[in-house]
Amino acid sequence: MDGATPLVREFMAGLVERNPGEPVFHQAVQEFAEAVIPFIEKHPRYREESILERLTEPDRIITFRVCWEDDAGRIRMNRAWRVQFNNSIGPYKGGLRFHPTVDLGILKFLGFEQTFKNSLTTLPLGGAKGGSNFDPKGRSDREVMRFCQAMMTELARHIGEHTDVPAGDIGVGAREISYLFGRYKQIENRFTGVLTGKGLAFGGSLIRTEATGYGCVYFAQEMLNHRGDSLDGKTCLVSGSGNVALYTIERAQELGARVVTASDSGGFVHDPEGIEGEKLAWLKELKEVRRGRIHEYATKFGCDYHEGRRPWGVPCDVAFPCATQNEISARDAQELLANGVRVVCEGANMPTELAGAHLFTEAEILYAPAKAANAGGVTVSGLEQSQNALRLSWTRAEVDEKLREIIRKIHGQCVTWGSTQGSPTVDYVRGANIAGFIKVADAMLAYGCV
Ligand code: NDP
Ligand code: 2IT
């Protein structure tokens with residue numbers, strides 16, 4: 001817990017004791033506490049009403065068994081959760097993750113982050129996260145369908161368009177949302193916007209697929225513009241090759257950047273010419289349709305593949321980590337800085353270890369934490385809910401403009417709360433955490449003891 005003040009240490013000691021064995025949850029809370037506790041000290045009402053203690057305890061955690069039949073007729077069993085973290089400013093909202101590593105600690109960290117990310121969007125969205133240790137890799141479409149249907153059979157009673165609205169995350173994309181929505185509709189006999197990321201034919205929004213990646217690039221652009229610079233001509237590293245990574249690459253290169261890496265859990269490819277045009281179209285087909293592996297890109301286009309490694313040793317101007325949590329270690333952060341990185345913009349949730357995040361802040365580079373940088377996804381989810389409630393659909397241009405406008409507002413809130421008088425540097429970590437906190441905390445104060 002280096003860098004923490006005595007008050008942060010004291011608070012964290014209690015949190016760790018109340019939540020043993022959940023290191024990523026501790027990490028997410030610590031990043032937040034380091035920014036927010038000094039602010040609370042100046043505004044004692046938050047302390048007097050135990051806001052921080054209440055905010056770090058989920059409203060409700062639902063755990064359940066999911067039984068489904070594989071293609072061989074064997075009964076399989078997985079564990080699933082929904083962590084309804086905080087609904088002070090709107091119905092619970094957040095994705096579902098299917099990955100073998102999913103456990104309660106991961107979902108608590110993600111639900112906690114989601115609460116403040118959603119607050120930053122300016123939309124009326126509470127925070128939640130859910131998922132299962134189900135591994136979709138290597139499963140047939142029918143197996144995935146049976147799993148999703150079995151999961152929704154239990155989940156349906158806990159969600160609703162005014163209660164809790166799940167969406168996608170790692171391992172949950174358009175295919176899974178469709179299976180989940182189909183079962184919900186059947187159980188409830190109601191056609192309603194209970195999930196986001198739906199297909200366009202049944203209530204989905206244009207740009208939702210692209211939103212997290214596009215939003216992340218727009219945020220990087222805002223930070224650069226604020227310093228009188230732009231993405232044009234910048235060399236960028238992207239990690240991952242899933243939903244967030246693909247559309248980060250797409251928008252970044254459309255804005256004149258050269259993206260030279262992409263990765264999956266097997267390793268990374270380095271294409272110094274840039275992943276663009278037909279190569280990007282091929283990569284999208286590989287990952288979105290064929291569900292293939294990233295090394296196939298290197299074979300196809302004759303570039304280097306680095307097995308078992310992450311891309312952070314490649315010199316760059318901008319890094320977009322878009323795969324998973326803690327994918328940038330403190331050593332990776334040092335290497336990025338030594339190679340002259342100027343912007344780190346987090347597409348994934350908490351991709352940087354705390355010690356690495358401290359290094360970025362101390363170096364005064366443009367460092368955007370996930371809750372600000374990747375809020376574009378849930379923003380367009382919120383816009384999908386609005387369109388469902390209005391029973392109409394906005395055009396691509398309308399949704400894109402609203403997304404850009406909200407990213408501008410998120411950036412503005414970070415500047416307001418992350419600036420220090422007399423210094424041109426913006427501490428985006430401090431700004432995002434304080435701005436996200438204030439709205440939720442003030443709602444809780446207004447409600448009294450609930
Ligand atoms: P996808 O499942 O579409 O893609 C995930 C990518 O990350 C894949 O390339 C995957 O490789 C890689 N990856 C996942 N887990 C690991 C791991 N443990 N080690 C190495 N690589 C890994 O997920 P998304 O693109 O939707 O999500 C990526 C990140 O963005 C996550 O942190 C998610 O929480 C966050 N996010 C997603 C949003 C969304 O709208 N989807 C919104 C905001 C944030 P492989 O295929 O080999 O597993
Ligand atoms: O982490 C995230 O913000 C998401 N996975 C998207 C959540 C949503 O409800 O769209």
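None of these values were measured; they are calculated from a predicted model. For the numbers below, each heavy atom of this structure counts, side chains included, while hydrogens, waters and symmetry mates do not. Counting starts at 1 for both ligands and their atoms, in listed order. Residue numbers start at 1 and run along the sequence shown.
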Checking H295 against E307 for the side-chain contact (heavy atoms from CB on, under 4.5 Å) test, could you report, in this order, the C-alpha distance in whole Å, the side-chain angles of both residues, the deciding distance, and whether it holds? CA-CA 8 Å; H295 62 75; E307 193 175 339; over 6 Å; no
Check each atom of ligand 2 against the heavy atoms of [X] and keep those under 4.0 Å away; list them by number with element.
X: A167; value: 8 (C), 9 (O), 10 (O)
X: K117; value: 1 (O), 2 (C), 3 (O)
X: D169; value: 1 (O), 5 (N)

Is it the case that over 12 heavy atoms from other parts of the model lie below 6.0 angstrom from the CZ atom of R79? no
query = Are there more than 12 heavy atoms of other residues, nucleotides or ligands under 6.0 Å from atom CZ of R391?
reply = no
So, is [X] polar-close to ligand 1, with some N/O to N/O distance under 3.5 Å?
X: G171; value: yes
X: K137; value: yes
X: Q325; value: no
X: R293; value: yes

Among all protein heavy atoms in this structure, tell me which lies nearest to [atom], with the distance rounded to 0.1 Å.
atom: atom 7 (C) of ligand 2; result: G95 N, 3.6 Å
atom: atom 31 (C) of ligand 1; result: A323 O, 3.4 Å
atom: atom 6 (C) of ligand 1; result: G242 N, 4.0 Å
atom: atom 23 (O) of ligand 1; result: I170 CA, 3.4 Å
atom: atom 47 (O) of ligand 1; result: S265 OG, 2.4 Å
atom: atom 3 (O) of ligand 1; result: N243 N, 2.9 Å
atom: atom 10 (O) of ligand 2; result: S381 OG, 2.5 Å

Honestly, for L110 the part within reach of ligand 2 (heavy atoms, under 4.0 Å) is neither
Short version for Q385: what comes under 4.0 Å of ligand 2, heavy atoms counted, is neither
Contact region, T212 to ligand 1, non-hydrogen atoms below 4.0 Å, reads side chain
With heavy atoms and a 4.0 Å threshold, my read on which part of A370 contacts ligand 1 is neither
Open item on the list: Does the Lys NZ or Arg CZ of R208 fall within the cation-pi geometry relative to W394 - under 6.0 Å from the ring centre and within 45° of the axis?
Closed with: no
Can you sort out which atoms of ligand 1 are near [X], meaning under 4.0 Å from one of its heavy atoms?
X: D169; answer: 26 (O), 33 (C), 34 (O), 36 (N), 37 (C)
X: R208; answer: 40 (O)
X: C322; answer: 28 (C), 29 (C)
X: H99; answer: 15 (N)
X: S263; answer: 9 (O)
X: A348; answer: 29 (C), 30 (O), 32 (O), 35 (C)
X: S241; answer: 9 (O)
X: R97; answer: 31 (C), 32 (O), 33 (C), 34 (O)

My understanding is that we take every heavy atom of each candidate and find the minimum distance to [atom]. Doing that for [options], which one comes out nearest?
atom: atom 30 (O) of ligand 1; options: T379, V244, D264; value: V244
atom: atom 32 (O) of ligand 1; options: N374, N349, T101, V380; value: N349
atom: atom 9 (O) of ligand 2; options: E113, E384, K93, K129; value: K93

Any donor-acceptor pair under 3.5 Å linking the side chain of [X] with the backbone of [Y]?
X: D264; Y: I294; result: yes
X: E327; Y: A323; result: yes
X: Q325; Y: M350; result: no
X: D332; Y: S329; result: yes
X: K198; Y: S178; result: no

Original post:
Based purely on interatomic distance, does R208 place a nitrogen or oxygen under 3.5 Å from a nitrogen or oxygen of ligand 2?
Top reply: yes
**Asked** Got an N/O contact under 3.5 Å between G168 and ligand 2?
**Response** yes
- Are any of the protein's heavy atoms under 4.0 angstrom from atom 17 (C) of ligand 1, yes or no? yes
Would you call [X] and [Y] a salt bridge, using N to O less than 4.0 angstrom?
X: R190; Y: E161; value: yes
X: R293; Y: E296; value: no
X: E273; Y: K279; value: no

Side chain proximity check, T196 to K93, heavy atoms < 4.5 angstrom = yes
Q) Using the ring of each side chain (for Trp, its six-membered ring), is H270 parallel, tilted or perpendicular to F268, with breaks at 30° and 60°? A) tilted
Take the angle between the ring planes of W68 and F147 and call it parallel below 30°, perpendicular above 60°, tilted in between. perpendicular
Inset, instruction - For E31 and K371, run salt bridge (Lys or Arg N to Asp or Glu O under 4.0 Å): C-alpha distance rounded to whole Å, both residues' side-chain angles, the deciding distance at 0.1 Å, then the answer. - result: CA-CA 11 Å; E31 179 212 284; K371 54 174 76 70; 3.0 Å; yes
The ring-ring contact (aromatic ring centres under 6.0 Å, His included) partner of Y367 among F360, F219, Y428 is F360
Check your understanding: Are the aromatic ring centres of F85 and F109 under 6.0 angstrom apart?
Key -> no
